[in-house]
Student: 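Before I ask anything, here is the structure I am working with.
Heads up: numbering here begins at 1 and tracks the sequence.
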Amino acid sequence: DDYAFGDLYRITSLASFKDPRQVCPPFAQAGTVRRSGEKRHLYILGDSFAEATRVDPDEFDVDSYRYTHWDHVLHLTP
């Protein structure tokens with residue numbers, strides 16, 4: 001998975017360069033408590049590194065999460 005391990009992984013096939021993938025626990029299960037009652041919205045304008053298979057919205061302490069690829073149009077209304 002060259003997205004997870006970078007160019008060095010792509011140009012080598014040495015097992016010593018491969019770290020096991022670590023999965024982050026969902027925010028609520030991590031035992032963290034939000035300090036304020038303010039609403040938080042997270043918008044990610046990204047590439048394949050931020051696609052749904054790589055980023056889980058439950059990893060963030062937000063009320064609303066939105067991802068769009070950088071070459072797509074995302075319309076927001078206040």
Side-chain angles (χ1 to χ4, degrees):
D1 185 351
D2 58 340
Y3 286 111
F5 300 108
D7 292 334
L8 184 60
Y9 175 84
R10 190 180 348 203
I11 61 175
T12 66
S13 59
L14 303 174
S16 59
F17 287 101
K18 300 177 186 177
D19 289 333
R21 184 174 181 174
Q22 297 179 5
V23 178
C24 294
F27 183 82
Q29 291 180 4
T32 307
V33 178
R34 183 179 291 180
R35 296 181 183 171
S36 72
E38 296 177 0
K39 295 278 187 184
R40 295 181 186 171
H41 302 268
L42 176 62
Y43 300 90
I44 295 181
L45 175 65
D47 59 9
S48 58
F49 289 98
E51 289 179 343
T53 57
R54 301 193 175 280
V55 176
D56 184 351
D58 290 335
E59 295 173 0
F60 304 102
D61 179 21
V62 295
D63 297 293
S64 175
Y65 172 85
R66 201 71 173 295
Y67 161 79
T68 190
H69 194 273
W70 64 267
D71 66 347
H72 295 149
V73 176
L74 177 64
H75 296 280
L76 303 173
T77 55

Student: Residues two or more places apart in sequence or in another chain: which of them pass side chain to side chain contact (heavy atoms under 4.5 Å, CB included) with His75?
Tutor: Val73
Student: Write down the atom of Tyr67, the atom of Glu51, and the distance for their closest heavy-atom approach.
Tutor: OH-CG, 3.6 Å
Student: Could you check Val55 against Phe60 for side chain to side chain contact (heavy atoms under 4.5 Å, CB included), going step by step and ending with a plain yes or no?
Tutor: CA-CA 10 Å; Val55 176; Phe60 304 102; 3.5 Å; yes
Student: Linking Ile, Leu, Val, Met, Phe, Trp and Tyr through side-chain heavy atoms less than 4.5 Å apart, which residues share a cluster with Leu45?
Tutor: Trp70
Student: Checking His72 now: which residues fulfil ring-ring contact (aromatic ring centres under 6.0 Å, His included) with it, not counting sequence neighbours?
Tutor: His69
Student: Identify the heavy atoms of Arg54 and Ser48 that sit nearest to each other, and give their distance.
Tutor: CD-O, 3.3 Å
Student: Less than 4.5 Å apart, any side-chain heavy atom of Tyr43 and any of Thr68?
Tutor: no
Student: If I take atom CD1 from residue Ile44 and atom OH from residue Tyr65, how far apart are they, to the nearest 0.5 angstrom?
Tutor: 3.5 Å
Student: Examine distances only and state if a side-chain atom of Asp63 and a backbone atom of Arg40 form a donor-acceptor pair shorter than 3.5 Å.
Tutor: yes
